[in-house]
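In what follows, a structure is listed as structure tokens, so that the remarks can point back to it.
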2 protein chains.
Amino acid sequence: MSKYIESEVVVNVISIHNKIQKRIGGALSAHGIGLTEYLVLNQLYNTPTQKMRRSDLAERIGLSPSGVTRLINPMEKIGLVAKEDNPRDARVSLVTLSAAGKQVYEEAQVTFAYASVALFEPFEINQLSAFSELLKVVS
Amino acid sequence: MSKYIESEVVVNVISIHNKIQKRIGGALSAHGIGLTEYLVLNQLYNTPTQKMRRSDLAERIGLSPSGVTRLINPMEKIGLVAKEDNPRDARVSLVTLSAAGKQVYEEAQVTFAYASVALFEPFEINQLSAFSELLKVVS
DNA sequence: GCGACATGTTTGAGTAAGCAAGCATATAGA
DNA sequence: TCTATATGCTTGCTTACTCAAACATGTCGC
């Protein structure tokens, strides 16, 4: 098909990303959130303080700053996250995980894990670990 | 971070897909096409007849049928592909790769390969092959 | 302490897609 | 042969983003 194995890998990653989007995104809709919103909750949950600057969040989940603004506003309205000011720097706006957000995340995490396992069903743990390490380096 | 390795893999795939989108998509813009358009050309190029039904194309590149319509129309206008009727069935509309489209693809393929290699720079061929096989199965 | 540049966020306008509905054609059953 | 249903594509409307510009605040050199 292609001269370089790397090109092939890229095409395959795109393809699997489509499936992730459809299957996992679909599964998460049961919790009233989309895949990108899940990633936000995931980041906040796994941050010691459970709060983060909008631009850092953008960086972490691969969104533009304006994308974060538009994503977070509705999440704030339904109470999953809250806005907080940084007393040291009035430019920044911290996003914090609310109790409700935490709960939704913990529930959604289970769904996410199930759907992920289903997707990678045919593989062994050690294959997946190797895979994961590889991806982490590229990221 | 997460209880299941599979969840971790999914998050990492999403993350690398962001990079693919940005780096490879950016690189392809030098040829006047985006990543999705590249995938269309790639499919057509690698099909024996170099023509394909719109719905099959949609399936192959993970787009909805309407997405294909909206993607192909401009490509047809600039002459990368052409529309062809199926004499056996007037419902279907075949997409064919034009000579110009073929040329653009062959040039873009080089860019795509370079960018892909750059992305996976730190890895060995055999790691990547294993990786690629794994992805192919999931796909 | 003030001007110039740097950083963080939001807003306005545009783009790429999805879903659901519509339209055209094909096929199968009575 | 007509009617019902299935299939393929496109269109209208909505959503999730992006980029560039605007705006607000912070910092540095003098």
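Lettering follows sequence order; numbering is per chain, from 1. We use all heavy atoms of the structure for the numbers below, so side chains are in, but hydrogens, waters and symmetry mates are not. Predicted, not measured: the structure shown is a model, and the values here were computed from it.
- Nearer to the 5' terminus of DNA chain D, by closest-nucleotide assignment, is the contact made by Lys83(B) (compared with the other of Arg88(A) and Lys83(B)).
- For Glu76(A) and dT9(C), the CD to C1' distance is 13 Å, given to the nearest whole Å.
- At whole-Å resolution of the value, CG in Leu63(B) and C1' in dG18(C) are 9 Å apart.
- Counting heavy atoms from C-beta outward, Lys51(A) and Leu44(A) have side chains that stay 4.5 Å or more apart.
- Nucleotide dG8(D) holds its P atom 11 Å from the CD atom of Glu59(B), rounded to whole Å.
- When each of dT25(C), dT25(D), dC17(D) is scored by its nearest atom to the side-chain atoms of Asp89(B), the top-ranked nucleotide is dT25(C).
- Looking at heavy-atom distances under 4.0 Å, Ser66(B) makes contact with a base.
- Between the CD1 atom of Ile72(A) and the P atom of dC17(D) there is a distance of 11 Å, given to the nearest Å.
- Here the closest heavy-atom approach between residue Pro74(B) and residue Arg70(B) is recorded as CD-O, 3.1 Å.
- Ring geometry for Tyr38(A) versus Phe112(A): interplanar angle under 30°, hence parallel rather than tilted (30 to 60°).
- Residue-to-nucleotide proximity on DNA chain D shows that, of Asn86(A) and Gly67(A), the 5′-proximal contact is made by Gly67(A).
- Distance, Leu71(A) CG to dT9(C) P: 14 Å, rounded to whole Å.
- Look at CZ on Arg70(B): it is 11 Å from P on dA17(C), rounded to the nearest Å.
- Between Ser64(A) and dC17(D), a side-chain N or O to OP1/OP2 separation shorter than 4.0 Å is absent.
- Look at CE on Met52(A): it is 16 Å from C1' on dG8(C), rounded to the nearest Å.
- Between the C1' atom of dT18(D) and the CD1 atom of Ile61(A) lies a distance of 14 Å, rounded to the nearest Å.
- Relative to the side chain of Arg54(B), the nucleotides dG26(D), dC9(D), dA26(C) differ in distance, and dC9(D) lies closest.
- With Ile20(B) as the partner, the side-chain contact (heavy atoms from CB on, under 4.5 Å) test is satisfied by one option alone out of Val9(A), Val10(A), Val11(A): Val10(A).
- Using cut-offs of 30° and 60° on the angle between ring planes, the pair Phe131(B) and Phe120(B) is perpendicular.
- Among the heavy atoms of the strands, none lies under 4.0 Å from Lys22(A).
- Residue Thr69(A) is classed as a base contact, given a heavy-atom separation below 4.0 Å to a base.
- Taking 3.5 Å as the limit, the base of dT9(C) and the side chain of Arg91(A) contain no donor-acceptor pair of atoms between them.
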